[in-house]
Amino acid sequence: MSLVIENLTAQIPDRQILNGLNLTINPGEVHAIMGPNGSGKSTLSKVLSGHSDYEVTAGTVTLDGQNILDLEVDARARTGLFLAFQYPHEIPGVSNANFLRAALKARLPEGEDIDAVAFYKQLYTRMDQLEMDRSFTGRSVNEGFSGGEKKRNEILQLMMLEPKYAILDETDSGLDIDALKVVARGVNAMRSESRGFLLITHYQRLLDYIQPDIVHVLMDGQIVLTGGKDLALKLEEKGYDWVKDEVLATA
Amino acid sequence: MPDTLTAPASLATTAPTPSADLPQWFAERATTAWTTFDSLPIPGIKDEHWRYSNAKRLDPAAFHRATPAPESAEAEAVASSIGLSDTAARLIFVNDQLVQSDTHALPEGVICETLTDALIKHPEVVQQHFMQREAALGSAKFAALHLAHVQAGIVVIVPKNVVVENPIEVFHWVATENAAIFPHTLIVAGDNASVTVVDHYRTLGEIPAFSCAVADFVAQPGGRITYAHCQELGNAATALHLSSTSAHRDSQIKSFQVQLGAAFSRSESISDLLGQGSRSDMISISLPTASQVVDQRTLQHHAAPHTGSDLLYKNALYDTSRTIFAGLITVDEGAHFTDAYQTCRNLINSEEAEANSMPGLEINADQVKCSHGSTSSPVSDEELFYLKARGINDHDSRKLIVQGFLEDTLSRLDHEPLRHLIEQRIESKLASIA
Ligand SMILES: Nc1ncnc2c1ncn2[C@@H]1O[C@H](COP(=O)(O)OP(=O)(O)OP(=O)(O)O)[C@@H](O)[C@H]1O
Ligand SMILES: [Mg+2]
């Protein structure tokens, strides 16, 4: 039972971006991925989600034993994979509440509907935890939201959909320090023995609030270094050139 | 058993015979209209009002005037006329015959009669307002055809200061193959009066049929009219809806059209802003699928200063469907401080669908705020991906996006139950889309 990524190789038409990436996330674990701009972090999360811009040319991804690479985007999500986007998209005219209801309903057997009262109760509880104003239920998904509000909204969805594995792509960027604490609290509330996390971030700061079990460095579409919490500190201090030297030295 | 079945005479050759009970002026207008109809050619493709369209789709020769339907068909239509739960009045026409009418909840003094009854009981008011606006957007021939044949539909006259809270709801059914109906709607809101009317156009089954409708709205000073028409004729049918709005001082008229059915539907909507401070909202929704064609022509005519008009037409196109939008804003000399907006947006759900837009402006006054714009865009891949990444399947994701696209049209309908009803009708069409 884990999210297992083996030798994942993916490309856009003229360029390979992921170069045989290996990573295993077990339930209960929080992994962090750090890496330079353009190294392939968001690409990894989108490839896992099934974005059609990317073609997987080699490798496998299994979620609790199930090969997910053959599944459509929506089916992958329903197996329990969640991606909090770096740049959440706006959906004009679709209210946040309707969107979440549709997403929850999609997880029920055909013909069944969710209980509206229980839904709103849960929604308001989660929004309170994230210190989100109730008016966000009626507003169009992400439309006119500030950068920080969009990120909170991603975490709200995570909390409502309760996935088995959640990838958070730079959820911390764009958040002020108070918002960061609120969002971190939300994520920590979702940590459990049965749920795995992958945090993509540039900043050690996030990891002060959400303590990772394992830290990886992604460069040129590969995991090049793996360590404990202290690896993040070292990166902050020494930068990625240090990693290059380190990797070359051990190569 | 040999039954002598003669094919009913086509519309193109049936001269109407107005009933002797009707006022003479009406009989004369009907007779003159027949001559006009007969003398005018079917507009050709070179006619600017028919660009990208084809008036042959309305060829009267293909239809005959509807005759009363069998009782079983009437009963079926009545049973299927499910609409609003609270109405001020509710009338059901089948093949242009009134088969059910309930007007008991109308406030006192409000006239809500069938056109024929109104012609007999209130000839002067009807004469004053009945089809006074020239059909200036291309369908003069078909307006004349309507006038020559019309007998069904309603006249609503709301006296000064009377507010009709619940809507008046009318169903028009065609129950016979190749039959034509001529539904008429005339609404006159007196000074500071207010009324909401909704027309449903439907066929019983997927039969070829023709609904040739005319609707005229007159709002006296301070009057308010909300009108909605929901066109759900079968997919083999043909729909024409000619409407005109006369907005007097400080009046407000909102009209919504929802085009869901018919192989070919054409609407021509004219708003004349005649009095200072008057305002007209023109809103339209269509969801053409298969090879449906939705053809829409509009005129926002500002004849007085400090008038406002706001047009928002939204089409979500599927399959090989087509939409044509041609809109014109004209601001007369002296109609200063006019605000006029015109927006047509098309959401394209299929590579083979085609949206044509022809916006236009003609301004002869100063201090005018006008804008017009049209856009056509496919469903955004990123929006789709976002929804699917939350587990919502392709079909439901697209449906949500289309509903979201239509949201700002529906949100302008402030009568909640009516908005719900329209949402439901849209929902039922969306559910049928594979
Ligand atoms: N759809 C795409 N089309 C073209 N280039 C792409 C696409 N997706 C990713 N790339 C390129 O692949 C590389 C990796 O991009 P990616 O977004 O995964 O980087 P990242 O590690 O998330 O960077 P950042 O830290 O800036 O968010 C970049 O050079 C990017 O420009
Ligand atoms: Mg990124």
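The structure displayed is predicted, hence computed values, not measured ones. When reading the values below, keep in mind they use all heavy atoms of this one structure, side chains included, and skip hydrogens, waters and symmetry mates.
Within 6.0 Å of the CZ atom in B/Arg224, the count of heavy atoms belonging to other residues, nucleotides or ligands does not exceed 12. Crowding of A/Glu112 atom CD: a count of heavy atoms from other residues, nucleotides or ligands under 6.0 Å exceeding 12.
Within the 6.0 Å centre-distance limit, the rings of B/Phe385 and A/Phe85 are counted as a close aromatic pair.
No part of B/Ser411 comes within reach of chain A, as not one of its non-hydrogen atoms sits under 4.5 angstrom from that chain. Neither the backbone nor the side chain of A/Arg76 comes within contact range of chain B, judged by heavy atoms closer than 4.5 Å.
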| request: Apply side-chain contact (heavy atoms from CB on, under 4.5 Å) to B/Gln403 and A/Val94, showing your working. | output: CA-CA 7 Å; B/Gln403 285 169 326; A/Val94 178; 5.9 Å; no

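In this structure, the separation between CD on B/Glu383 and NE2 on A/His89 is 5.0 Å, given to the nearest 0.5 Å. To the nearest 0.5 Å, the span separating CG on B/Asp396 from NZ on A/Lys105 amounts to 7.0 Å. Between the CZ atom of A/Phe99 and the CG atom of B/Leu387 there is a distance of 5.5 Å, given to the nearest 0.5 Å.
Counting heavy-atom pairs closer than 4.5 Å to chain B, the top residue among A/Gly93, A/Ala75, A/Ala77 is A/Gly93. Among B/Ser397, B/Gly391, B/Ser380, the residue with the largest count of heavy-atom pairs under 4.5 Å with chain A is B/Gly391. No other option in A/Ser49, A/Ala103, A/Ala106 has as many heavy-atom pairs under 4.5 Å with chain B as A/Ala103.
Contact check for B/Asp394 versus A/Glu72: no side-chain heavy atoms found under the 4.5 Å cut-off. Within the 4.5 Å cutoff, the side chain of B/Tyr386 has heavy atoms near those of the A/Pro88 side chain. Residues B/Glu407 and A/Ser95 fail the side-chain proximity criterion, which asks for heavy atoms closer than 4.5 Å. With a 4.5 Å cut-off on side-chain heavy atoms, A/His51 and B/Lys388 do not count as touching. Side chains of A/Asp74 and B/Asn393 form a contact here, defined as non-hydrogen atoms less than 4.5 Å apart.
A donor-acceptor contact shorter than 3.5 Å links the side chain of B/Arg390 to the backbone of A/Leu83.
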